[in-house]
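In what follows, a structure is listed as structure tokens, so that the remarks can point back to it.
Everything numeric here is computed off the predicted structure, so don't read it as measured data.
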Amino acid sequence: MIKENKMHSQKTRELIKKIVIYTILVIISVIWIFPFIYLIMQSFSKSFNDYSFLPGGGFTFDNYIALFTSVEHPFWRWFLNTLIIASITCIFQTIIVLMTSYAFSRLRFKSRKALMKLMLIIGMFPGFLSMVCVYFILDLIGLTGSIFGLVLVYVAGSAMNYYIAKGFFDTIPKSLDEAAMIDGASKNTVFWKIIMPLSKPIVVYTILMAFTAPWGDFMLASYIAQGHLELYNVAVGLQGMLTKGNINQNFPIFCAGGVVTSIPIVTLFFCLQSYYVEGVTGGAVKG
């Protein structure tokens with residue numbers, strides 16, 4: 001009888017614990033998702049903070065039409081700039097990160113650990129600390145008036161993001177490399193023909209990270225653009241809509257732009273979610 005009472009008491013405590021945990025998670029989820037709901041509702045409203053969906057209320061598609069037809073705010077140009085920057089950066093950054101990670105994981109050379117530690121330490125410093133220096137360097141080579149200047153900046157320091165991919169490569173048995181090299185394969189062949197097909201999760205993770213970082217960048221992109229409308233990306237362009245005198249007028253259009261801008265990223269994450277999670281957890285096993 002006493003044992004049954006203890007078991008019942010333990011089950012009751014576990015039930016209460018689960019209820020508390022799930023309640024907290026639900027509250028956090030509501031807080032997390034509320035800004036997105038507000039953004040979507042505001043993008044269909046007729047004016048600032050008017051999002052009535054009743055018949056005759058504020059529901060309208062005019063904000064999306066204005067977003068793509070405005071001459072003053074060429075969203076299509078900003079979107080295209082962002083897509084070009086993110087795509088080119090994604091390609092080069094993914095290749096550099098994966099090759100650097102493989103080299104640190106498989107090769108043993110002098111000062112290897114010191115170089116890895118140095119890159120980690122440098123990566124801890126915020127990028128905006130070097131913006132003035134970066135701008136003058138780009139000015140010297142004539143890339144301050146080009147979106148490819150941004151691509152160069154994003155790609156230049158990409159090797160410092162090696163640690164997650166290196167951790168994943170460390171989990172792949174080195175015996176595969178040795179067996180291939182016995183058969184006459186070079187390091188280059190081993191990397192592209194053997195390691196890459198086995199590393200789909202970390203490849204997808206690296207692609208996602210390389211694509212999303214420049215897609216949402218504001219600080220460096222605004223600094224390089226220097227007020228030139230045709231060089232804006234979506235983050236800089238949308239922020240420029242919200243000038244002091246036009247917030248009430250442009251805020252619904254700004255929200256519509258936010259919804260459109262988020263669609264590619266959300267689609268990528270939903271399609272590649274399983275690979276993304278596997279890549280993060282695999283890369284965190286050891287480093």
Side-chain angles (χ1 to χ4, degrees), residues 82-125 127 141 148-217 264-287:
T82 310
L83 185 62
I84 293 173
I85 293 170
S87 299
I88 297 177
T89 300
C90 178
I91 294 170
F92 285 99
Q93 195 171 109
T94 299
I95 294 173
I96 293 173
V97 168
L98 293 176
M99 294 181 73
T100 303
S101 304
Y102 178 76
F104 282 139
S105 175
R106 289 296 199 267
L107 304 182
R108 296 296 180 266
F109 50 89
K110 188 177 180 180
S111 301
R112 168 180 168 272
K113 290 187 177 180
L115 182 59
M116 289 169 59
K117 292 177 182 178
L118 177 64
M119 293 174 70
L120 282 175
I121 292 171
I122 294 175
M124 293 178 183
F125 290 92
I141 60 179
F148 296 105
L150 266 179
V151 174
L152 179 61
V153 175
Y154 292 142
V155 172
S158 56
M160 290 188 290
N161 298 321
Y162 72 87
Y163 38 90
I164 298 295
K166 177 191 174 297
F168 187 93
F169 289 143
D170 286 342
T171 64
I172 300 176
K174 293 182 181 180
S175 57
L176 294 175
D177 303 43
E178 295 168 356
M181 293 178 70
I182 290 173
D183 290 337
S186 63
K187 291 285 185 182
N188 188 52
T189 303
V190 171
F191 177 73
W192 291 108
K193 300 291 186 180
I194 297 175
I195 301 300
M196 283 297 97
L198 297 174
S199 306
K200 188 178 292 184
I202 201 62
V203 172
V204 170
Y205 168 81
T206 307
I207 289 172
L208 285 175
M209 293 299 99
F211 187 84
T212 54
W215 186 271
D217 180 52
I265 301 298
V266 172
T267 304
L268 276 175
F269 269 92
F270 271 107
C271 293
L272 305 174
Q273 184 180 13
S274 60
Y275 293 113
Y276 174 80
V277 174
E278 189 177 344
V280 175
T281 55
V285 172
K286 62 177 180 176

Closest non-hydrogen atom pair between [X] and [Y], with its separation:
X      : Y      : answer
Ser199 : Ile172 : OG-CD1, 3.4 Å
Ser101 : Ala165 : OG-CB, 3.2 Å
Ile194 : Ala180 : CD1-CB, 3.1 Å
Val190 : Tyr102 : CG1-OH, 3.4 Å
Ile265 : Thr212 : CD1-CG2, 3.6 Å
Ser158 : Gln93  : CB-CG, 3.0 Å

Should Met209 and Ile164 be marked as a side chain to side chain contact (heavy atoms under 4.5 Å, CB included) after you check the CA-CA gap, both sets of side-chain angles, and the distance that decides it? CA-CA 11 Å; Met209 293 299 99; Ile164 298 295; over 6 Å; no
If you count every heavy atom of other residues, nucleotides or ligands that lies below 6.0 Å from Lys187 atom NZ, does the total exceed 12?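 Buried by this count: over 12 neighbours within 6.0 Å.
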Gap between atom [atom2] of [Y] and atom [atom1] of [X] - 0.5 Å precision:
X      : Y      : atom1 : atom2 : result
Thr82  : Asp217 : OG1   : CG    : 10.0 Å
Phe270 : Thr267 : CZ    : OG1   : 8.5 Å
Leu152 : Ile85  : CG    : CD1   : 12.0 Å
Met119 : Ile122 : CE    : CD1   : 8.0 Å
Leu98  : Phe168 : CG    : CZ    : 10.5 Å
Ile207 : Ser87  : CD1   : OG    : 11.5 Å

Can you tell me which residue among Asp177, Thr100, Asp170 is in a side-chain hydrogen bond (donor to acceptor under 3.5 Å, both in side chains) with Ser105?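 When side-chain hydrogen bond (donor to acceptor under 3.5 Å, both in side chains) is applied between Ser105 and each of Asp177, Thr100, Asp170, only Asp170 qualifies.
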May I ask you to decide if Met116's main-chain N or O and Tyr162's side chain share a donor-acceptor pair within less than 3.5 Å?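 Between the backbone of Met116 and the side chain of Tyr162 there is a qualifying donor-acceptor contact (under 3.5 Å).
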Can you confirm whether Leu176 sits close enough to Leu198 that some side-chain heavy atom of one is under 4.5 Å from a side-chain heavy atom of the other?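 The answer is yes; the side chains approach within 4.5 Å.
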Taking the side chain as every heavy atom from C-beta outward, state whether Thr89 and Phe211 have any atom pair closer than 4.5 Å.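 Heavy-atom side-chain distance check fails, nothing below 4.5 Å.
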Can you say whether the rings of Phe191 and Phe169 are parallel (under 30°), tilted (30 to 60°) or perpendicular (over 60°)?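 Taking Phe169 first and then Phe191, their aromatic rings stand perpendicular (interplane angle over 60°).
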Evaluate the criterion side chain to side chain contact (heavy atoms under 4.5 Å, CB included) for residue pair Met196 and Val203; output intermediate values, then yes/no. CA-CA 8 Å; Met196 283 297 97; Val203 172; 4.0 Å; yes
Verdict with reasoning, Ile202 to Tyr205, per side chain to side chain contact (heavy atoms under 4.5 Å, CB included): CA-CA 5 Å; Ile202 201 62; Tyr205 168 81; 3.9 Å; yes
